[in-house]
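See structure below.
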Amino acid sequence: MKGAAVTSPPVSPAVLFPDWAYKPAWSPGSRQVQLWHFLLELLSRGEGGAIGWGGEWGEFVIRDPERLARLWGERKGKPHMNYDKLSRALRYYYNKRILHKTKGKRFTYKFNFSKLILVNYPGYPPCHQRSQCLKVILISPPRT
DNA sequence: ACCGGAAAGG
DNA sequence: CCTTTCCGGT
């Protein structure tokens, strides 16, 4: 399996990203980066301030909502991005089962990692078309 | 803060 | 499709 391996420090799980998840928006023929790519990118880098893993497996906490929104806006070329709009995009993930809200915990959401894996295995197996092959995301369980 | 409908754009 | 923008409602 191909993909850029990103391993972060002690707490964060190791994450394998498919190459396309890193392709910049302006790259011809490549799909735009999706919000959950971006979140996992920051999370796996242990980026610090803006976002971090939460207590439960797959759970994350947005520590600095407006800063996260600013970073996301920069990535997408949307200078007027804010947390209100970013969180609306997150809410669209509920129906898709990519994410859900951890109720009662402020700024806390949780990835449905198993569902992500399903969603991202469109033509497997067998996989002959490159565009369909690399859509794999593996997240190893956090070590305790 | 959080939700989800509606419209619109890339 | 996947958001972005806007917004009325809880």
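Every chain is numbered from 1, with letters handed out A, B, ... down the list of sequences.
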C:dC2 OP1/OP2 closer than 4.0 Å to side-chain N/O of A:Tyr93 | no

Under 4.0 Å between any heavy atoms, over every strand shown, what does A:Leu35 touch: base, sugar-phosphate, or nothing? Just pick one.
-> sugar-phosphate

Just how far, in rounded Å, is P of C:dT3 from CE of A:Met81?
-> 10 Å

Is the NZ or CZ atom of A:Arg91 both under 6.0 Å from the centre of the six-membered ring of A:Tyr93 and within 45° of that ring's axis?
-> no

Would you check, one step at a time, whether the test salt bridge (charged side-chain N to carboxylate O under 4.0 Å, His left out) holds for A:Glu41 with A:Arg75?
-> CA-CA 12 Å; A:Glu41 185 184 319; A:Arg75 177 66 65 92; 2.8 Å; yes

Determine whether the aromatic ring centres of A:Phe113 and A:Trp57 lie less than 6.0 Å apart.
-> yes

Counting any heavy atom closer than 4.0 Å, what does A:Lys78 reach on the DNA or RNA strands: base, sugar-phosphate only, or nothing?
-> sugar-phosphate

Would one find a side-chain N or O of A:Lys96 under 4.0 angstrom from OP1 or OP2 of C:dC2?
-> yes

Whole-Å distance separating the CZ atom of A:Arg88 from the P atom of B:dA6 = 11 Å

Hey, which sits more toward the 5' end of DNA chain B by its nearest nucleotide, A:Arg106 or A:Tyr92?
-> A:Arg106

Roughly how many Å is it from CG in A:Asn95 to C1' in B:dA6, rounded to a whole number?
-> 15 Å

Specify the separation, in whole Å, of atom CD1 of A:Ile98 and atom P of C:dC1.
-> 12 Å

Length of the line joining A:His80:NE2 and B:dG9:P, which is rounded to integer Å = 16 Å

Given A:Arg70 and A:Glu66, is the salt bridge (charged side-chain N to carboxylate O under 4.0 Å, His left out) satisfied, shown in steps?
-> CA-CA 6 Å; A:Arg70 207 198 65 233; A:Glu66 291 309 324; over 6 Å; no

NA contact type, A:Lys101, heavy-atom cut-off 4.0 Å: base, sugar-phosphate, or nothing?
-> sugar-phosphate

Tell me which of A:Arg91 and A:Trp72 sits closer to the 5' end of DNA chain C, going by the nucleotide each one is nearest to.
-> A:Trp72

Starting from P on B:dG5, measure out to OH on A:Tyr94 and report it in whole angstrom.
-> 13 Å

Determine the minimum heavy-atom distance between A:Gln32 and A:His37, stating which atoms define it.
-> O-CE1, 4.5 Å

Are OP1 or OP2 of B:dG10 and a side-chain N or O of A:Gln32 less than 4.0 angstrom apart?
-> no

Rounded distance in Å - NZ (A:Lys85) to P (B:dA7) | 19 Å

Take the protein atom CZ of A:Phe38 and the nucleotide atom P of C:dT4, then report the distance between them rounded to whole Å.
-> 11 Å

